[in-house]
Amino acid sequence: MTTNLNWWKGGIIYQIYPRSFMDANGDGVGDLAGITSKLDYVASLGVDAIWLSPIFTSPMKDFGYDVSDYRDIDPMFGSLADFKTLIDRSHELGLKVMIDQVISHSADVHPWFEESRQDKTNPKADWYVWADPKPDGSPPNNWLSIFGGSAWKWDSRRLQYYLHNFLESQPDFNFHNPDVRQAHLDNMRFWLELGVDGFRLDTVNFYFHSEGLEDNPPVPVGEPKTMGAPHDNPYTYQRHVYDLSRPENLEFLKDMRAMMDEFPGSTTVGEIGDDFPLKRMAEYTSGGDKLHMAYTFDFLNKPHTPDYIRDVLKNMQEIVGDGWPCWALSNHDVVRSRTRWGADEDPEAYPLIALALILSLRGSVCLYQGEELGLPEADVPFERIQDPYGIPLWPVFKGRDGCRTPMVWDNSEQGGFSTVEPWLPVDAHHLPLSVAEQEANPEALLHKVRQLIHWRQQQPALVNGELSQLDVGNAQLIGLVREYQGTRLLVVLNMTSDTQQATVNSGLVEVDGHGFTSTLEGQTLTLPAYQAFYARLS
Ligand code: NOJ
């Protein structure tokens, strides 16, 4: 077990979607015992930590992102004892354990909400965001739910509306109430005391709303819709000035950090959905007194052209400063990156160079289950769709099921995931890419990913170094310098499908072991399609 308290800085976090990782009890849904049985595999990748999407008691309307008991495990996944076993085994293998905290909203069947909705005077009356209708009976303002329609739902008991940024069954907590804030901190402490090492904080900038309930303004004509939601979703038409990213949140995050600091080596990574995410990341992660890291959507939203990558890095440097990003190419909410950006590219080389990119940046990295196998988005027929976000926006937006289908461990009928038909179908196209198939083939992507990760973990400049961009005289190439304790590492990445060349200074000491095949002859650097080059600079 590493004793480095800053393991998360530059660390690699493997995201597990528990419903779809491994089904040990044969009910078609993944579980904790299943995850524990596969931890050796995860550790073999060379990652530092696992992040488990929610495992708590839930009606599962949003597949666990709707919690009805913050201190227990949903029986579908197992028990607290199973979770303790998972933590212990992870720690034996040198893996940290991070769990998802979904505290901006609860499930509507949470006892707190059931009490809150009874009347306007009960002890939990002010724990959620309640508001009277306008005189004409319509909702209090124009706020929208990301999942479609108004963010307000009428409640016939209280004769008031309640706020929900996501499903109607996910009522929003009122963080202006100090008891709510304290209850959440106490629940987080419960998990830290049980042995978890950190939290992924769901929608961390949605905790507070403006108590004035002002209407959000529309995105001004001619200005881009910057909110990270599908553009066919009217949620992107507004500037979210009053319903999220409120200044009070910073004070709460400081209280949270003070509690986290009582558990040395623990960490947080916040998910920020905002009109101006980098600005928010800077606010939330700089100064060392709020979040440790914030998740960035930059490589989830747009194609990875060299110009775009340069822009992202420039903005990151200018805006985020000493803040700390956590990069990702995929997660459980977006189309798998192989399909999103690599569909027309080489199916093995593209995922590897994309991973090399984020492993070469200043920041931490999240790797989503199956990314190491290069899985494409699964095709889920409409009648098997489960995601409540996908059903109303079908067919333009098909929801998030295509990236949530079961992990493929072997090429048997259910991919070795389960002995029965799983909750989402295994895509037949995934079977030849299963772990067992790839383990048996020394040329497979899985081995290259493993090699690259293990190599990167041995490069202090890549894990911890400062980053500057370098113009290598060829606009198709990304040039970076990472510098740590006097060692300067040159990184050149060819994200294109053509061979690229650059002229570099003499005196470079090539670093190998990463598995890429670029060549340096004299001062001429040749990078075949999708290849990287690393060298020490004197
Ligand atoms: C973000 C999560 O990643 C997503 O899966 C969930 O639906 C929403 N937050 C609501 O909790």
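Just follow the structure's listing: the first ligand is 1, and inside any ligand the first atom is 1. Worth saying up front: this structure is predicted, and the values here are computed from it rather than measured.
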**Student:** Hydrogens and angles aside, do Ser245 and Asp274 bring a side-chain donor and acceptor to less than 3.5 Å of each other?
**Tutor:** yes
**Student:** Under 4.0 Å from a heavy atom of His105: give me the atoms of ligand 1 that qualify, with their elements.
**Tutor:**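 So the atoms of ligand 1 that pass are 10 (C), 11 (O).
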**Student:** Which heavy atom of the protein is the closest neighbour of atom 8 (C) of ligand 1, given with residue, atom name and distance?
**Tutor:** Phe166 CE2, 3.8 Å
**Student:** Provide, to 0.1 Å, the distance between atom 5 (O) of ligand 1 and the closest protein heavy atom, together with that atom's residue and name.
**Tutor:** Asp333 OD1, 2.8 Å
**Student:** Any sub-3.5 Å donor-acceptor pair from Arg246's side-chain atoms to Glu211's backbone N or O?
**Tutor:** no
**Student:** Going by the atom numbers of ligand 1, which of them fall below 4.0 Å from some non-hydrogen atom of Thr203?
**Tutor:** 9 (N)
**Student:** Closer than 4.0 angstrom: is that true for some heavy atom of Phe147 and an atom of ligand 1?
**Tutor:** yes
**Student:** Does ligand 1 have a heavy atom under 4.0 Å from the side chain of Lys61, from its backbone, from both, or from neither?
**Tutor:**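 None of Lys61 does.
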**Student:** Could you tell me whether the side chain of His184 and the main chain of Ile103 form a donor-acceptor pair under 3.5 Å?
**Tutor:** yes
**Student:** Where is the tightest heavy-atom contact between Trp143 and Glu214, given as atom of each residue plus distance?
**Tutor:** NE1-O, 2.9 Å
**Student:** Carefully, step by step, assess Tyr128 and Trp130 under the rule side chain to side chain contact (heavy atoms under 4.5 Å, CB included).
**Tutor:** CA-CA 6 Å; Tyr128 292 83; Trp130 293 98; 3.8 Å; yes
**Student:** Which atoms of ligand 1 are found less than 4.0 Å from any heavy atom of Arg404?
**Tutor:**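 Numbered from 1, ligand 1 contributes 5 (O).
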**Student:** Can you tell me which residue and heavy atom of the protein come closest to atom 9 (N) of ligand 1, and the distance to 0.1 Å?
**Tutor:**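 Result for atom 9 (N) of ligand 1: Asp202 OD1, 2.9 Å.
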**Student:** Determine, step by step, whether Asn122 and Arg117 satisfy the side chain to side chain contact (heavy atoms under 4.5 Å, CB included) criterion, reporting the C-alpha distance in whole Å, the side-chain angles of both residues, the deciding distance to 0.1 Å, and the verdict.
**Tutor:** CA-CA 9 Å; Asn122 68 73; Arg117 78 191 323 181; over 6 Å; no
**Student:** Is the shortest N/O to N/O distance between His332 and ligand 1 below 3.5 Å?
**Tutor:**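 N/O-N/O distance below 3.5 Å exists for this pair.
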**Student:** Charged N to carboxylate O below 4.0 Å: is that the case for Arg200 and Asp202?
**Tutor:**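 Yes.
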**Student:** What protein heavy atom lies closest to atom 6 (C) of ligand 1? Include the residue and the distance to one decimal.
**Tutor:**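 Answer, as residue, atom name and distance: Asp62 OD2, 3.4 Å.
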**Student:** At a 4.0 Å threshold, what atoms of ligand 1 neighbour a non-hydrogen atom of Arg400?
**Tutor:**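 Those of ligand 1 that fall under 4.0 Å from Arg400 are 4 (C), 5 (O), 6 (C), 7 (O).
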**Student:** What pair of heavy atoms forms the shortest contact from Ala378 to His430, and how long is it?
**Tutor:** CB-CE1, 3.9 Å
